[in-house]
Amino acid sequence: SRRRHTRSAFVTGVQTCAIPISRMFSGRRLRDARIAAHLKPEQLALRIGRSVFSVHAYEIGRAQPSVTVLASIADVLGVATDALFEGTSR
């Protein structure tokens, strides 16, 4: 079976719930936010310092951005990072 990648946060030595990133991040929401910001994939890629192939992979769900890249994406698009995850209000 394939192992899912998870990220855990540690606050004062206590581990919080580890949630699979692949189930949370929404490539569709990324694409919608990029379009709403009137950016082409190439423009977003340039602004976040990634390749257009990476942006495409994020949007179609083949790759997940790191926490650092996710923060850059949200900053460039002018949205909260929560807006790029399923199960949260836009």
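Counting begins at 1 with the first residue of the sequence.
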Discussion item. As an exercise, state the distance from CE of Met24 to CD of Gln64, rounded to the nearest 0.5 Å.
Written reply: 10.0 Å

Item to complete: Of all the heavy-atom pairs spanning Leu30 and Leu84, show the shortest one and how long it is.
Response: CA-CD2, 3.8 Å

Worksheet item: Between atom CG of Asp75 and atom CG of Leu70, what is the distance when rounded to the nearest 0.5 Å?
Response: 11.0 Å

Response to the item:
Note: Ala37 and Leu77 closest approach over all heavy atoms is CB-CD2, 3.9 Å

Worksheet entry | side chain to side chain donor-acceptor pair (under 3.5 Å): pairs with one or both residues in residues 52-62, sequence neighbours excluded | Arg34-Glu59, Ser51-Ser54

Discussion item. Hydrophobic clustering (ILVMFWY, side-chain heavy atoms < 4.5 Å, transitive) - are Leu46 and Val69 grouped together?
Written reply: no

Worksheet item: Sequence neighbours excluded, which residues qualify as salt bridge (Lys or Arg N to Asp or Glu O under 4.0 Å) partners of Arg31?
Response: none

Worksheet entry | Any side-chain heavy-atom pair of Val55 and Ile48 under 4.5 Å | yes

Worksheet item: Can you name the closest pair of heavy atoms from Phe25 and Phe85 and give their distance?
Response: N-CD2, 3.6 Å

Discussion item. I'd like to check the side chain to side chain donor-acceptor pair (under 3.5 Å) partners of Ser26; sequence neighbours left out, ordered by chain and number.
Written reply: Glu86

Worksheet entry | Criterion side-chain contact (heavy atoms from CB on, under 4.5 Å) on Leu39 and Arg47, from CA distance to verdict | CA-CA 10 Å; Leu39 292 176; Arg47 291 186 185 184; 3.7 Å; yes

